[in-house]
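One structure is given here, and the rest of the page talks about it.
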There are 2 protein chains.
Amino acid sequence: MKALIAEHPTSSERVRDALRAAHLYYMQDLTMEAIAAELHTSRSSVSRLISYAREAGLVEIQVKTPAERISNALQRVQEKYHVTLHVVPVPDSANEVDRLERVAMSAARILNPFFDSNMTMGIAWGSTISAVGRHLQPKVTHNSQIVQLNGAANTRTTGIVYASEIMSRFGNAYGAYVQQFPVPAFFDDPATKQVLWRERSIRRVLDIQKRMDVALFGLGTPLSDVPGHVYTSGYLDEQDFASLSASNVVGDVATVFYRADGSSADVPMNLRSSGPPLDQLARVSRRVCVVSGRSRLPALRGALAAHLITDLIIDEATVHGLLED
Amino acid sequence: MKALIAEHPTSSERVRDALRAAHLYYMQDLTMEAIAAELHTSRSSVSRLISYAREAGLVEIQVKTPAERISNALQRVQEKYHVTLHVVPVPDSANEVDRLERVAMSAARILNPFFDSNMTMGIAWGSTISAVGRHLQPKVTHNSQIVQLNGAANTRTTGIVYASEIMSRFGNAYGAYVQQFPVPAFFDDPATKQVLWRERSIRRVLDIQKRMDVALFGLGTPLSDVPGHVYTSGYLDEQDFASLSASNVVGDVATVFYRADGSSADVPMNLRSSGPPLDQLARVSRRVCVVSGRSRLPALRGALAAHLITDLIIDEATVHGLLED
DNA sequence: AAGCTACTTGCACATACGTGCACGGCGGTG
DNA sequence: CACCGCCGTGCACGTATGTGCAAGTAGCTT
């Protein structure tokens, strides 16, 4: 209940000491023992300082995959779709849940260097991105913002709690301003959307979306046995599914649907969805997609065909599935 | 699956395993024990794989200093000279040698993210940069090169062994092509330089120098009690020192001298030196200077005045000296 | 085929690191 | 002033990681 933002005189010094400790540890390879001596404190305090530095995002660790390490088949995929693959190693024995967790954790760390001060990141919230949100690495940024790409309300709830939970995790991790998007995921009537889209308060958000530097999204798939959040929580009804089926839809990004060839024009449902048009999305300079599980493969193929993705974070087993045709 | 018989790992497989282990360790926070289970090997092998990954530069660790952590005085320095400060913490008790070692180690790591594929780095070899060379973190790059900025020969030796030792350390660490510069550090006669500078083989090197993306240099100081390499190893004679003194020189970068106000025009010695003119150096997009020890302060002030530096790596004690005026 | 060299591997031990716990300082509260 | 709760600390212990060593293997040489 109380605001923890209080400024203890120690709080600022703690960061200073943590930075110093982290520098001595990571840049000068001193042991914690030696650092303790330099800081006139105990080794255990140094251990705590360094964990703090990591948790606070003062330390950034990247694992770099040299391009030539990637198999030829994957290189062809990369070139064909202008996408950078980030393959997450996961044991074949892992179940879907573990797999998603591990991909999400990796995604959170891979994402980190993509976002910085003065940038805007768009979030297409959903079950995959929610998992990513739970593993974010904090990072200090300034003048940055997080913008919600797709509405959250549905026929049962306003969805705001769930969506804003996700959004604020991102906001907190990066110290960024969070821009909510208080509209339904799908409108009942396209006309309502058109009218609402003329409102200045909404257009403000749409403008921010248009100018985002990074888009982060998972993939929805109406075909799956394990459907995404959007397909199980009362967002769509029988008729909607029929409509999607009739349009030969294979997946969606931020509630906007596309076909196997990547096209999304003339899909009636899109007139009612709250997310950004895919051709607009494709103009964002970095478009990060997180995928886990073979059930998303058809959706993934479509998204690649539509060139929606510049960085694909995907587990090993699924990327292998992508190569089998 | 082949069963128990150990397979002879090619170096390529080793890298693959190291990458996987590093990813699991740093991105997914698994313990080495757990990674060993996934890789069907022993924990100790995983420990070795991960050290290998670090040594091979597959893992990059950065400590980031949030801008607001820097004291106001230092911020003013940064703004005044358009320089980014990288302050290396070193205990006050450390002697000059330890201090240099630690600054050099930090410098090597700070440098790492500045250099990448398709780039050219110019090296002004000398005692400081030599120390940096001993601590380089390997990094895989392609189509990159290292170019020597100042000649090495003097009246006693060709200096090639020493200089090329330094150069090749950089080349090895980055997998970059090394471009030597086989000329004397200082010519006896300016005319000789002019003539030689018209040779195509030399002009090739000069052209590469002009197009470099990163310049790395220490500072020479003719005034110091602890003079730089150039001043102790037979590169200059009595008369030269007199000439420098008459020109009010406070320091040099790659054998090119400048005064306290940063000017370098009309310094006779510069007509004879092998390094790039300072106004040319100042056009390089990233210019990294490594400084350790208060004896270099006058030289540092001059180099800042000349705007030769975009990134200054400096120990704590020395940067404090910079503020005292 | 045997012998040699230059590896890599896993074990056992050594070292380094993380963390529960009890102590003590400090600020707020009655 | 006494009390209380909160927080940071160092200690001691448990866990995680690093490394010398002996054994084993592949690739060569003789």
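The phosphate of C:dC11 has neither OP1 nor OP2 within less than 4.0 Å of any side-chain N or O from B:Ser42. Listed pair A:Ser45 / D:dG10 meets the phosphate criterion, a side-chain N or O lying under 4.0 Å from OP1 or OP2.
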### Message
As a quick check of understanding, evaluate salt bridge (charged side-chain N to carboxylate O under 4.0 Å, His left out) for A:Glu60 and A:Lys139, giving each step before the final call.
### Response
CA-CA 9 Å; A:Glu60 198 166 298; A:Lys139 169 166 182 167; 3.7 Å; yes

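Atom CD in A:Glu33 sits about 13 Å away from atom P in C:dG18, given to the nearest Å. As a whole-Å value, the separation of A:Asp29 CG from C:dA16 C1' is 14 Å. As a whole-Å value, the separation of A:Ile35 CD1 from C:dC17 C1' is 12 Å. Rounded to whole Å, the distance from CG on A:Leu49 to C1' on D:dG10 is 13 Å. C:dT9 atom C1' lies 11 Å from atom CZ of B:Arg14, rounded to whole Å.
Side chain of A:Arg294 to backbone of A:Thr318: no donor-acceptor contact under 3.5 angstrom is found.
Counted by atom type alone, B:Ser127 and B:Ser130 present zero donor-acceptor pairs between their side chains at under 3.5 Å. Judged by distance alone, the side chains of B:His86 and B:Ser106 never bring a donor and an acceptor atom under 3.5 Å apart.
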Please tabulate, one pair per line, each protein N/O and nucleotide N/O from nucleotides 18-23 of chain D that are separated by under 3.5 Å, including the distance.
unit_1	atom_1	unit_2	atom_2	d
D:dG18	OP1	B:Arg54	NH2	3.4
D:dG18	OP2	B:Ser47	OG	2.7
D:dG18	O6	B:Arg43	NH2	2.9
D:dG20	O6	B:Arg48	NH2	2.7

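Taking the charged nitrogens against the carboxylate oxygens, A:Arg20 and A:Glu38 have no contact shorter than 4.0 Å, which rules out a salt bridge. A salt bridge links A:Arg286 and A:Asp311; the closest N-O separation between the charged side-chain nitrogens and carboxylate oxygens is under 4.0 Å.
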